[in-house]
4 protein chains.
Amino acid sequence: MVDTTADSDLLDLRKGRPAAGQDPVKRAQIIEGARRVFIDKGFEAASMNDITREAGVSKGTIYVYFENKEELFEALIEEERGTIFKNMYEVLDHFEDLRKTLVKFGTGLSIKITSAKVIQAQRTVVGAADRIPELGARFYERGPKRGHDKVVSFLNEAIARGLLEIPDVDLGAYQFTELCLAGLFRQCIFSYRTKAPSQAEIEKIVTSGVDVFLKAYGTEKFFAEERASASA
Amino acid sequence: MVDTTADSDLLDLRKGRPAAGQDPVKRAQIIEGARRVFIDKGFEAASMNDITREAGVSKGTIYVYFENKEELFEALIEEERGTIFKNMYEVLDHFEDLRKTLVKFGTGLSIKITSAKVIQAQRTVVGAADRIPELGARFYERGPKRGHDKVVSFLNEAIARGLLEIPDVDLGAYQFTELCLAGLFRQCIFSYRTKAPSQAEIEKIVTSGVDVFLKAYGTEKFFAEERASASA
Amino acid sequence: MVDTTADSDLLDLRKGRPAAGQDPVKRAQIIEGARRVFIDKGFEAASMNDITREAGVSKGTIYVYFENKEELFEALIEEERGTIFKNMYEVLDHFEDLRKTLVKFGTGLSIKITSAKVIQAQRTVVGAADRIPELGARFYERGPKRGHDKVVSFLNEAIARGLLEIPDVDLGAYQFTELCLAGLFRQCIFSYRTKAPSQAEIEKIVTSGVDVFLKAYGTEKFFAEERASASA
Amino acid sequence: MVDTTADSDLLDLRKGRPAAGQDPVKRAQIIEGARRVFIDKGFEAASMNDITREAGVSKGTIYVYFENKEELFEALIEEERGTIFKNMYEVLDHFEDLRKTLVKFGTGLSIKITSAKVIQAQRTVVGAADRIPELGARFYERGPKRGHDKVVSFLNEAIARGLLEIPDVDLGAYQFTELCLAGLFRQCIFSYRTKAPSQAEIEKIVTSGVDVFLKAYGTEKFFAEERASASA
DNA sequence: GATGAATGAGCATTCATTCAT
DNA sequence: TATGAATGAATGCTCATTCAT
């Protein structure tokens, strides 16, 4: 009410009670409870009571932080997406050896996407996408789509360097991604596979996928350079 | 339990009334109603009343034929799977021109899998897969998996004929399928795409996919034959 | 199940279970429970659970018979209105002695409108009219308004017979009704009076009200006839 | 309880901070917020949060000044009553031309009582009267009843002057008031009329009402004087 | 064996009230 | 003393399931 101290900064460090719906700790607590319940049961089957119990906050409090069930779910997915796709594309930022980069990136991508946690999250989004299509769309747009764009950029760079020749880069990027996941995504999401593929399996798939990709799109120059560096 | 006594109701013209939950006509009738409702609304949003109405049978009767909503859904999916993947693989049965066959098969596959109806069904299965993992597994196993096996056979035939050279045929088959769907499956299932891709788009993707596949795995012999038939 | 007997008539007398939402006994039971609760607590404060308990039927059943709380309340009011205003206007149907008829009618009207039960019902409607104005409007329209129209007809008859002379018959009818209730309605509805006025009190008020009304609107002819019949 | 100690907070410039729930300024502020919300939404639909916002005080503070929602509402009605009926009866204080005075008073009364705001307030009181009968009673007693007494006084004055002859003055006063409202009150309170009647309509009703009243109760002397002043 | 009326636990959401700060 | 974040009982309503007919 009076004179906040002079060193009051961008971060409000006062120990005072945070404003309604503003306490990030409580927010995180709710999201964490929601994660457990939504991931475990799916959107429809999850009840706000379950979340209340799991989060250890009262019903009313949840509704202070989130307008309704749908918005809470969206917030969770937003978080989840952030976590999932974080750092996934860094390896594409510094252009070095083409094949190695593609393998490294493809491996990281496949591991992430087929990890148990991420598969469950994706299943939940897919299940909810039926009733809230925008939600699924938003998830795709800000997750996989963004990644796709990064791949396109990277491929363009390789084309500029004369290492690749791709008639339709956009399509090429999709092909690359799919080759890295060959079969895994569908197997996981339909729970035909009940646990994530091993690193070895993924590496085998990705190596082969990259091989196919490069055989199709690699230029003479690329193969010449590869032979040269191999004999070196 | 089967033969009801001779004084069986005059109205029942079939040979003896079937035991409770045993009449296959009624069963089909229920499944048909369930199909319309589940596909239209998804598992959670579908109400047993809707199904009752759509199937034209009473609530009680449904519960004689199926333990509960979940079991009815499972039965439907079992059926649906059969319908979806039926005839999809016929084109692979008669080996003719390799590239043309692959394109034709790939196109049919992509159209089917990305059709609104099938995407809906898959979304529902995925959504439910979390709670009933066997359901998703069974769906995959008897649907996509069986198709995959057909592709493997076909590729083996092509290898036998010296047209392809594939180190890991199983993996190659996955790669082929994924190349035909490049990006579409994920876009559809997350409802980033809200309607099925056009035939033209699919054809473009499949043509490119087959091209990549053949560049990677086609033998000298294959390309020689292709050049020959082209110049003919 | 087949062949309802030949004498099946307009009234379905079968003892079979009535269709959903069609059993008039159950309907009456629900309405009766609703009456007790709504009248006791008012629209908002009455809970569907209370009504469930009071009516001795399950929640679901109420919702089979009535779309929602509001509609249940409307149905109750509809009934209530019917009960309240039934037979109230019969006395106006056979034109006899003017003054006597007016007194008789006015007395009946006042007794009805100020009876504890009716006052409570009106209070409930008024309380609800705030949130559901159409409801109050409908109550007025089909209750008091209809009565008002009957009074207008009656007064027109009297005018035609040369017994009354009223510049604005519509207004005259309102004046008559208000004179019969002089003060009572407001006193009752605000619960300034906690019990219904006595018959004696009402008779006194009505007699006086009719007197005022006739002094204002009675014709020479009317008074002449009255004098004549008095001296007879 | 009143005198807080000398070291009272520097910020409080008033003579000692009032004891909890004792500051009349804050009390008025709360009542004012409550007025806006209760009148706008009715008792049930008004939320304490709305009032908090409208009054600009905290939830806790309201609960220091008023035990609960009901009590706050009661306090408001107490106030409101004062406001509504204030100045309504001034016109009766100076006896001048009888007919004109009655018309003027009747018009003012009808306009007030049928104004949207006042109807709203009355509806709310009526709605609540069932649960808190004393509230309605007190409202009537200190509002309409007090007005009624003023009318009685005025009529007695007119009787004393030989202008009126009324066997039962108390009843006459009720009759007069009702004649001025002929039909309007019930129409408004049941929301059959959704907006207040026009000044013209009220004037017509009141003029007619006063006419009826005077025809019934006016003395020879009154009519003689009126004829005289008319011909003057 | 079939029916569909009835059930009541369950849902998402609101809001009067409390109490730590 | 004043605050407003947190509470959780209560709301209207739905729907999978049961069981008397």
Side-chain angles (χ1 to χ4, degrees), chain A residues 1 14-23 26 44-52 57-65 67-70 72, chain B residues 4 8-9 12 17-23 26 44-52 57-65 67-70 72, chain C residues 1 15-23 26 44-52 57-70 72, chain D residues 4 8-9 12 17-23 26 44-52 57-65 67-70 72:
Chain A
M1 191 186 259
R14 276 172 305 168
K15 285 276 177 44
R17 191 196 289 195
Q22 298 303 316
D23 184 343
K26 193 142 270 176
E44 305 278 357
S47 90
M48 292 302 265
N49 259 339
D50 295 342
I51 294 168
T52 275
V57 297
S58 80
K59 209 96 72 77
T61 302
I62 292 183
Y63 280 90
V64 168
Y65 282 78
E67 194 75 14
N68 51 38
K69 190 183 178 185
E70 207 164 281
L72 170 57
Chain B
T4 53
S8 75
D9 197 325
D12 191 344
R17 189 194 287 187
Q22 298 303 317
D23 184 343
K26 194 143 270 176
E44 306 278 357
S47 89
M48 291 302 265
N49 256 338
D50 295 341
I51 294 168
T52 273
V57 297
S58 81
K59 215 92 76 70
T61 303
I62 292 183
Y63 279 89
V64 168
Y65 281 78
E67 193 74 16
N68 52 36
K69 192 183 177 186
E70 207 161 274
L72 169 58
Chain C
M1 193 184 259
K15 285 276 176 45
R17 192 197 288 195
Q22 298 303 317
D23 184 344
K26 194 142 270 175
E44 306 279 354
S47 90
M48 291 304 265
N49 261 337
D50 295 340
I51 294 169
T52 276
V57 297
S58 80
K59 206 99 70 81
T61 302
I62 291 184
Y63 279 90
V64 168
Y65 281 78
F66 303 94
E67 194 76 14
N68 52 38
K69 190 185 179 184
E70 207 163 281
L72 170 57
Chain D
T4 52
S8 75
D9 197 324
D12 191 344
R17 187 195 286 189
Q22 297 303 318
D23 184 343
K26 194 143 268 176
E44 307 278 356
S47 89
M48 291 302 265
N49 255 339
D50 295 341
I51 294 168
T52 274
V57 297
S58 81
K59 215 92 75 74
T61 302
I62 292 183
Y63 279 88
V64 167
Y65 281 78
E67 193 74 15
N68 53 35
K69 195 184 176 185
E70 207 161 275
L72 169 57

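Side-chain atoms are counted along with the backbone in the values below, which use heavy atoms only and exclude waters and symmetry mates.
- We find that CG of D:Asn49 is positioned 13 Å from C1' of F:dT3, with the value rounded to whole Å.
- Toward the 5' end of DNA chain F, the nearer of the two residues A:Ser58 and C:Ala45, judged by each one's closest nucleotide, is A:Ser58.
- Annotation: of the two residues near DNA chain E, A:Glu67 and B:Val57, the 5′-most nearest-nucleotide partner is B:Val57.
- Neither OP1 nor OP2 of E:dG8 sits under 4.0 Å from any side-chain N or O of C:Tyr63.
- Closest to the side chain of D:Met48, from the set F:dA16, E:dA16, E:dC11, is E:dA16.
- The shortest heavy-atom contact between D:Tyr63 and D:Asn68 is CE2-CA, 4.0 Å.
- Remark: C1' of F:dA10 and NZ of C:Lys69 are 11 Å apart, rounded to the nearest angstrom.
- In the interface, the side chain of B:Lys59 is not paired with the base of F:dT18 through any donor and acceptor atom under 3.5 Å apart.
- Residues D:Asn49 and D:Lys59 meet the side-chain proximity criterion, which asks for heavy atoms closer than 4.5 Å.
- C:Thr61 comes within contact range of at least one nucleobase, with a heavy-atom separation under 4.0 Å.
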| task | Report the secondary structure of DNA chain E in dot-bracket form, marking unpaired bases with a dot and bases paired to a different strand with |, and treating Watson-Crick or G-U pairs with both distances under 3.5 Å as paired. | result | .||||||||||||||||||||
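- Interatomic distance, A:Ile62 CD1 to A:Lys26 NZ, rounded to the nearest 0.5 Å: 11.0 Å.
- Under 4.0 angstrom from either OP1 or OP2 of E:dA6 there lies at least one side-chain N or O belonging to C:Lys26.
- Between the CD1 atom of C:Ile51 and the C1' atom of E:dG8 there is a distance of 17 Å, given to the nearest Å.
- When each of D:Glu44 and A:Asn68 is assigned the nucleotide of DNA chain E with its nearest heavy atom, A:Asn68 is the one assigned upstream, toward the 5' end.
- Put simply, A:Ser47 has a side-chain N or O that comes within less than 4.0 Å of OP1 or OP2 on E:dC11.
- Nearest heavy-atom pair, C:Lys69 versus C:Met48, reported as atom, atom and distance to 0.1 Å: CG-SD, 3.7 Å.
- Here B:Ala46 lies in heavy-atom contact (under 4.0 Å) with sugar-phosphate atoms only.
- Here F:dG4 presents its P atom at 15 Å from OH of A:Tyr65, a figure rounded to the nearest Å.
- Going from atom CD of B:Glu70 over to atom C1' of F:dT17 covers 14 Å, rounded to whole Å.
- Within the 4.5 Å cutoff, side-chain heavy atoms of A:Asp23 are placed close to those of A:Tyr65.
- Rounded to whole angstrom, the span from the CG atom of A:Asp50 across to the C1' atom of E:dC11 amounts to 11 Å.
- Taking atom CG of residue B:Asp23 and atom P of nucleotide E:dG1, one finds them 12 Å apart after rounding to whole Å.
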